[in-house]
There are 2 protein chains.
Amino acid sequence: MNDVKGSGGGLPQTLAFRLGTLGAVVGDRFAGRIESYDLKPKHVGLLTALDRGAAASQQELAARLGVAPSLVVSLADHLERLGAVERVRDPRDRRRQVLGLTDRGRCLLADCAAEARALDEELAAHLTAEQREVLRKALGILAAEAGLPTD
Amino acid sequence: MNDVKGSGGGLPQTLAFRLGTLGAVVGDRFAGRIESYDLKPKHVGLLTALDRGAAASQQELAARLGVAPSLVVSLADHLERLGAVERVRDPRDRRRQVLGLTDRGRCLLADCAAEARALDEELAAHLTAEQREVLRKALGILAAEAGLPTD
DNA sequence: TATTGTTATACTCTATAACTATA
DNA sequence: TATAGTTATAGAGTATAACAATA
């Protein structure tokens, strides 16, 4: 009458459980790979946001990333120390600090992308080409619905 | 020559990026859903581990979950206060506290599974039945490789 | 002496709130 | 007075290390 393996009612089979647990594991492994660049996933998220849109104020970035503005400050501080972003005062409104990617930042981002692709190879080693493609596409749909970057 | 949209080299298209970011979002949404049960995702992880295997010592659980033994103590404390688990001294080795699910714990776990299924409906609303199935299966393969629960 | 569980402590991450400069 | 950015502070979460009980 009930499920074979216990009382969870198949919790481990749900998308929510699998995405949540896998996301944590994959995030940790990605963090380990970018550690040598002195970056953490949130820094990469900020770089990605900058790479995808026009240079933006820190408040706009905070809204895009869904984090507090004060966190953008510390992320940007760190990235500025690395020479990956630069802050430019908006001459029309001198309160605004517009963040822009530097060449160094683009280079770092490319390095992170390469690390992610290498990690993909490890992760998907046992999937068929077709499974990989459907997986990538389906995750893209979910990401788009969640308002996350997709391209 | 280069990618159209920027310098990320398609970072947002990688499995690693999508799993990491989606995992965080989905984890937060799941956390919001189980908040009213006074549970957090880590508690559900511990309940799930208990539901799937024989009752286990706290050190074994820590290894299974990949967290510090001291964290299992605080998780188990909380679950014990909720009446979801009970600690029983192993009579053969009185140092060991064997954790076991109670009926209340099984009930809570079933509630969490229902929340996860409801979240799945929201998440996968725009996927075809076939996409859902391939997604579930592919994530199951990845989860198994990562040593996570799959059934 | 080694091991299990627990407690004490410290560190990381992030948000909230207070503050400064500009509008 | 309102807004952008910054700084200060506080809380949650988790790991490390010291400790107690048992083997």
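Each chain gets a letter, A, B and so on, in the order the sequences are listed, and its residues count up from 1. Just so you know, these numbers use all the heavy atoms, side chains as well, and skip hydrogens, waters and symmetry mates.
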J.: For the pair made of CG in L65(B) and P in dT14(D), what is the distance, rounded to whole Å?
T.: 11 Å
J.: Q58(B) near the nucleic acid: base, sugar-phosphate alone, or nothing, with a heavy-atom cut-off under 4.0 Å?
T.: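 Answer is sugar-phosphate: Q58(B) comes under 4.0 Å of backbone atoms only.
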J.: With a 3.5 Å cut-off and sequence neighbours excluded, list the donor-acceptor pairs that the side chains of residues 19-30 of chain A form with protein atoms.
T.:
| unit_1 | atom_1 | unit_2 | atom_2 | d |
| --- | --- | --- | --- | --- |
| T21(A) | OG1 | F17(A) | O | 2.8 |
| T21(A) | OG1 | R18(A) | O | 3.3 |
| R29(A) | NH2 | E122(A) | OE1 | 2.4 |

J.: What is the distance, to the nearest angstrom, from the CZ atom on R92(A) to the P atom on dA4(D)?
T.: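 Computing the R92(A):CZ to dA4(D):P distance gives 17 Å.
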J.: Without hydrogens or angle criteria, can the side chains of R87(A) and Q58(A) be said to hold a donor-acceptor pair below 3.5 Å?
T.: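 Judged by distance alone, the side chains do pair up.
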J.: What's the NZ-C1' distance between K40(B) and dG11(D), to the nearest Å?
T.: 10 Å
J.: Out of dT22(D), dG13(D), dA2(D), which has the shortest distance to the side chain of R94(B)?
T.: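 Comparing dT22(D), dG13(D), dA2(D) against the side chain of R94(B), the answer is dT22(D).
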J.: Students often get this wrong, so: under 4.0 angstrom with heavy atoms, is R87(B) touching a base, only sugar-phosphate, or nothing?
T.: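 R87(B): backbone/sugar contact only, no base atoms under 4.0 Å.
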J.: Any side-chain N or O of Q97(A) under 4.0 Å from OP1/OP2 of dG5(D)?
T.: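 For dG5(D), OP1/OP2 do not have a side-chain N/O of Q97(A) under 4.0 Å.
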J.: Atom CG of L11(A) and atom CG of D151(B): how far apart are they, to the nearest 0.5 Å?
T.: 12.0 Å
J.: Does K42(B) place a side-chain N or O at less than 4.0 Å from the phosphate oxygens OP1/OP2 of dG13(D)?
T.: no
J.: Rounded to whole angstroms, how far apart are CG on D28(B) and P on dG13(D)?
T.: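 In whole Å, dG13(D) P lies 12 Å from D28(B) CG.
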J.: Which sits closer to the 5' end of DNA chain D, R96(A) or D77(A), going by the nucleotide each is nearest to?
T.: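 This one resolves to R96(A).
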J.: Do NZ/NE/NH1/NH2 and the carboxylate oxygens of D103(A) and R106(A) come within less than 4.0 Å?
T.: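 Yes, charged N to carboxylate O under 4.0 Å.
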J.: Would you mind reading off the distance between D93(B) atom CG and dT22(D) atom P, rounded to a whole angstrom?
T.: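 It works out to 11 Å between those atoms.
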J.: Side chain of H43(A), backbone of K40(A): donor and acceptor closer than 3.5 Å?
T.: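 Yes; judged by distance alone, with no hydrogens or angles, the pair exists.
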J.: Reading DNA chain C from 5' to 3', where do the contacts with chain B start and stop? Cut-off is 4.0 Å to heavy atoms.
T.: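 Taking any atom under 4.0 Å from a heavy atom of chain B, the span is dA2(C) to dT7(C).
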J.: In this structure, how many angstroms lie between the C1' atom of dT7(D) and the CG atom of L75(A), rounded?
T.: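 Spelled out: CG on L75(A) to C1' on dT7(D) is 15 Å.
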J.: Hey, does the side-chain of S70(B) have a donor or acceptor N/O within less than 3.5 Å of a partner on the base of dT16(D)?
T.: yes
J.: Any heavy-atom pair between the side chains of S57(A) and D90(A) that's under 4.5 Å?
T.: no
J.: Within the supplied structure, the quantity of interest is the number of heavy atoms (other residues, nucleotides, ligands) at a distance under 6.0 Å from R94(A) CZ; does it exceed 12?
T.: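 Not more than 12 within 6.0 Å, no.
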